[in-house]
Structures are given as C-alpha cells and as structure tokens.
Amino acid sequence: MAALNHTGVSHTVFRLLGVPGLEDQHMWISIPFFISYVVALLGNSLLICIILTRRSLQEPMYLFLCMLAGADLVLPSCTVPQALAIFWFHAGVISLDCCITQLYFQHSSFISESGILLMMAFDRYIAICYPLRYTMILPHSLIGKIGVAVFMRAHCTIFPMIFLLKRLTFCRNNILPHTFCEHIGLAKYACDDIRVNIWYGFFVLMSTVILDIVLIFVSYTLILRAVFRIPSRDARHKALNTCGSHVCVIVLFYGPGIFSVLTQRFGRHIPLHVHILLANVSMLAPPMLNPIIYGVRTKQIRDQVLYVLFPKQK
C-alpha cells in the first residue's frame, strides 16, 4: 500500500527552516551561535597547539584531551555554519547528499567524542589505581591505537546510515523544521517503511553512547572505591581533584543531550523551537566550554596558555 502512495518523485533538495516560530528573531539568535562557535574554534585550536608543541604535556591524559579538542572542532563545524547561513542569508536550501553528509559527520563526531570521554575515564582509573605503572600501561603507541579504534568505531557504526537513507523515496514534504539534518528527522519524510532506520538508530545509540555512559559509571565507581581506601585525606583530595575537570566535561556533554532527548520523548506540549534550540545547545555548548574548563582547572594547561598569550610576563 505504501508504494501506491508514491508520486514517482523523490525529493533531492530540502529546505531547512532554522528555528520555526522565531524567524523574526533569527538575527538575534545568531549572535550567541556565532560567538560560541568562534570561542570553540579558538579555544580548541589553542589547546591542540599547546599540547602538541609542549614536551611537558606529552602525557596520556593530555593526548586524550588533544583528541577531545579535535572532535570538538569537527562537531560544531558540522552544524553551526549551516545555521548561521540560515539566520543571516536565509540560505536553508540543501541537497539530499549534502544533508546525509552533514548528519554523517555530525553523528560520527558525537560518537567519537563519547568514546574519547570513555577512554579519559579509563585513563583516570589507571592514574589513580596504578600510579607507578601509569606510563607503562598507557604508552604512546597504545594511545594512538586507542584513538584509531575510537574513530573507526564511530565511522563504522554511522556508515550504514548512508545506505539506509539513500534507499528511501522522499515524496512527502521537503521542508525540514530544523537548523541541521539528522537521521530520523530526515527519514520520517520518506514514504517507505523506516522501521529499519529506527531500529538501526536505536542499535547505534545503545552500542555506543549508552554503553559508554555505563562504562564511565563503572570506571568512576572503581575510582571512588580506590580513592576512599587512601588513608591520607590530602591524597584523597588530590586524587579527586584530578578527576574534577573530566567529570564536568562528562556532565556538560551528556547532560544537554539527555535532556533534549527526554523533552522530545515526553515534552509533547513544549514548543518546537525549544526542542530545536536544545538540540543546538547540546552540539555547541560542550565544544565551547571544554577548553575553558580544562584551562581553568588544570594548572599545567593554564600555565602554558598564559605563557602563549602573555609571553613577556613569564
């Protein structure tokens, strides 16, 4: 019966509306978007340059942080330029191929960042529970392999979505009420059965992000158990302090995303523009704030940043 409803025309061009209901406020909304994006680009680029050029920061913790900063450069770059083009130039027209490309890199970057946060939790577990063997357990060669594995997992799990979307016939409305493309948001405009897309999206979520959250929780359970066995109060405080930045980044990364999913699932009476703004916050806030958190809370990075920005005062 679904095939009988096909018009024989499959849309190859779509139009993104930005934030429906707030079209007259697009110019004002673009200001925090632009500022946050510039801060994310500058902050993460500075972090990468400092870590790669300072020999004192060639420890596993900082190398994982460098990977995180790299993912934080890609994630907002997948969505914010498109949103700004809509806000400033009303350039919301996007081809199907570009739409799929955008959601591919957006989803793979998000999963990569989730995997890096898991590896950073594992790094903190090794540093606290096995401090004397820290560098032996995590040599640079292993860190490189872990990084490749994290990025391969992200791209291999998202790659099938390309074919799941390309097989669909988009004969419904080609107007997308959003600032960027996303998997199910695009698939629901198809006239075909999209149950495979829905179930595969659920599989990807469970096998990557949800699994990472569970393993991070297990890691910190083991970390806390080890910390509270330390007899010295000062040593316990120092051990917990080394995890502080990572915990803040974890909450900042998963918090807005979980809240956005919950509002979409249960907040049926919440206006559409609130859902869209929350989705953008979950993509933009972590890349903007992560380098600030590590720059403020980590003395080694803070000192290097001050040296780069104010060399004459050192």
Side-chain angles (χ1 to χ4, degrees), residues 13-48 68-95 98-114 117 175-186 209 248-264 267 270-296:
V13 176
F14 294 84
R15 184 186 173 202
L16 293 164
L17 295 182
V19 187
L22 297 178
E23 287 85 356
D24 56 335
Q25 302 295 323
H26 273 181
M27 188 58 67
W28 293 106
I29 295 173
S30 70
I31 296 175
F33 271 63
F34 177 73
I35 294 174
S36 300
Y37 183 51
V38 170
V39 171
L41 292 182
L42 294 178
N44 288 291
S45 298
L46 179 61
L47 203 57
I48 292 172
L68 183 69
D72 279 339
L73 284 176
V74 177
L75 185 59
S77 297
C78 296
T79 58
V80 177
Q82 177 70 63
L84 293 177
I86 297 171
F87 295 153
W88 291 344
F89 310 113
H90 307 289
V93 176
I94 185 170
S95 68
C98 288
C99 197
I100 294 175
T101 301
Q102 183 188 58
L103 69 88
Y104 172 82
F105 284 103
Q106 173 212 331
H107 291 328
S108 60
S109 299
F110 190 88
I111 293 174
S112 295
E113 186 155 346
S114 179
L117 290 177
I175 305 298
L176 303 179
H178 215 303
T179 58
F180 57 83
C181 299
E182 49 103 12
H183 178 214
I184 300 302
L186 177 61
V209 177
C248 291
V249 169
I250 288 172
V251 173
L252 182 64
F253 179 73
Y254 291 113
I258 292 173
F259 186 70
S260 177
V261 170
L262 290 176
T263 55
Q264 289 180 10
I270 297 177
L272 177 61
H273 66 266
V274 174
H275 292 294
I276 294 172
L277 291 174
L278 282 174
N280 279 278
V281 168
S282 67
M283 293 292 170
L284 189 53
M288 176 188 68
L289 295 176
N290 286 350
I292 297 175
I293 291 172
Y294 274 100
V296 170

Contacts of H273 that satisfy side-chain hydrogen bond (donor to acceptor under 3.5 Å, both in side chains) - sequence neighbours left out: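 None.
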Rounded to the nearest 0.5 Å, what separation is found between the [atom1] atom of [X] and the [atom2] atom of [Y]?
{"X": "S282", "Y": "F110", "atom1": "OG", "atom2": "CZ", "result": "6.5 Å"}
{"X": "I293", "Y": "L252", "atom1": "CD1", "atom2": "CG", "result": "5.0 Å"}
{"X": "I86", "Y": "R15", "atom1": "CD1", "atom2": "CZ", "result": "9.0 Å"}
{"X": "I111", "Y": "Q106", "atom1": "CD1", "atom2": "CD", "result": "10.0 Å"}
{"X": "L289", "Y": "F253", "atom1": "CG", "atom2": "CZ", "result": "13.5 Å"}
{"X": "S95", "Y": "Q102", "atom1": "OG", "atom2": "CD", "result": "10.5 Å"}

side-chain contact (heavy atoms from CB on, under 4.5 Å) involving V13 - partner list, sequence neighbours excluded: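 Partners of V13 under the side-chain contact (heavy atoms from CB on, under 4.5 Å) test: V93.
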Which pairs of donor and acceptor atoms, one on a side chain in residues 16-25, lie under 3.5 Å apart (sequence neighbours left out)?
| unit_1 | atom_1 | unit_2 | atom_2 | d |
| --- | --- | --- | --- | --- |
| E23 | OE1 | G21 | N | 3.0 |
| E23 | OE2 | G21 | N | 3.3 |

Plane angle bin for F87 and F33 - parallel if under 30°, tilted between 30 and 60°, otherwise perpendicular: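 Ring orientation of F33 relative to F87: perpendicular.
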Are any non-hydrogen side-chain atoms of [X] and [Y] less than 4.5 angstrom apart?
{"X": "P177", "Y": "L272", "answer": "yes"}
{"X": "L68", "Y": "L47", "answer": "no"}
{"X": "Y254", "Y": "S114", "answer": "yes"}
{"X": "E182", "Y": "H107", "answer": "yes"}

Smallest separation among heavy atoms of G185 and L176, with atom names: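 Minimum heavy-atom separation between G185 and L176: O-CD2, 4.3 Å.
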Nearest non-hydrogen partners of N44 and P287, listed with the distance: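 Scanning both residues, the minimum pair turns out to be ND2-O, 2.8 Å.
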Could you pull out every donor-acceptor pair under 3.5 Å between side chains of residues 72-82 and any protein atom, sequence neighbours left out?
| unit_1 | atom_1 | unit_2 | atom_2 | d |
| --- | --- | --- | --- | --- |
| D72 | OD2 | N290 | ND2 | 2.9 |
| S77 | OG | Y37 | OH | 3.0 |
| S77 | OG | L73 | O | 2.7 |
| Q82 | NE2 | A91 | O | 3.3 |

Pair listing, side chain to side chain donor-acceptor pair (under 3.5 Å) test, anchored in residues 85-94, at least two apart: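 Output for this query lists S30-W88.
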Side chain S45, main chain L42, donor-acceptor under 3.5 Å: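 Pair absent, no side-chain N/O of S45 close to backbone of L42.
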Sequence-distant partners of F14, ring pair (Phe, Tyr, Trp, His ring centres under 6.0 Å), two or more places apart: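 Listed in chain order: F170.
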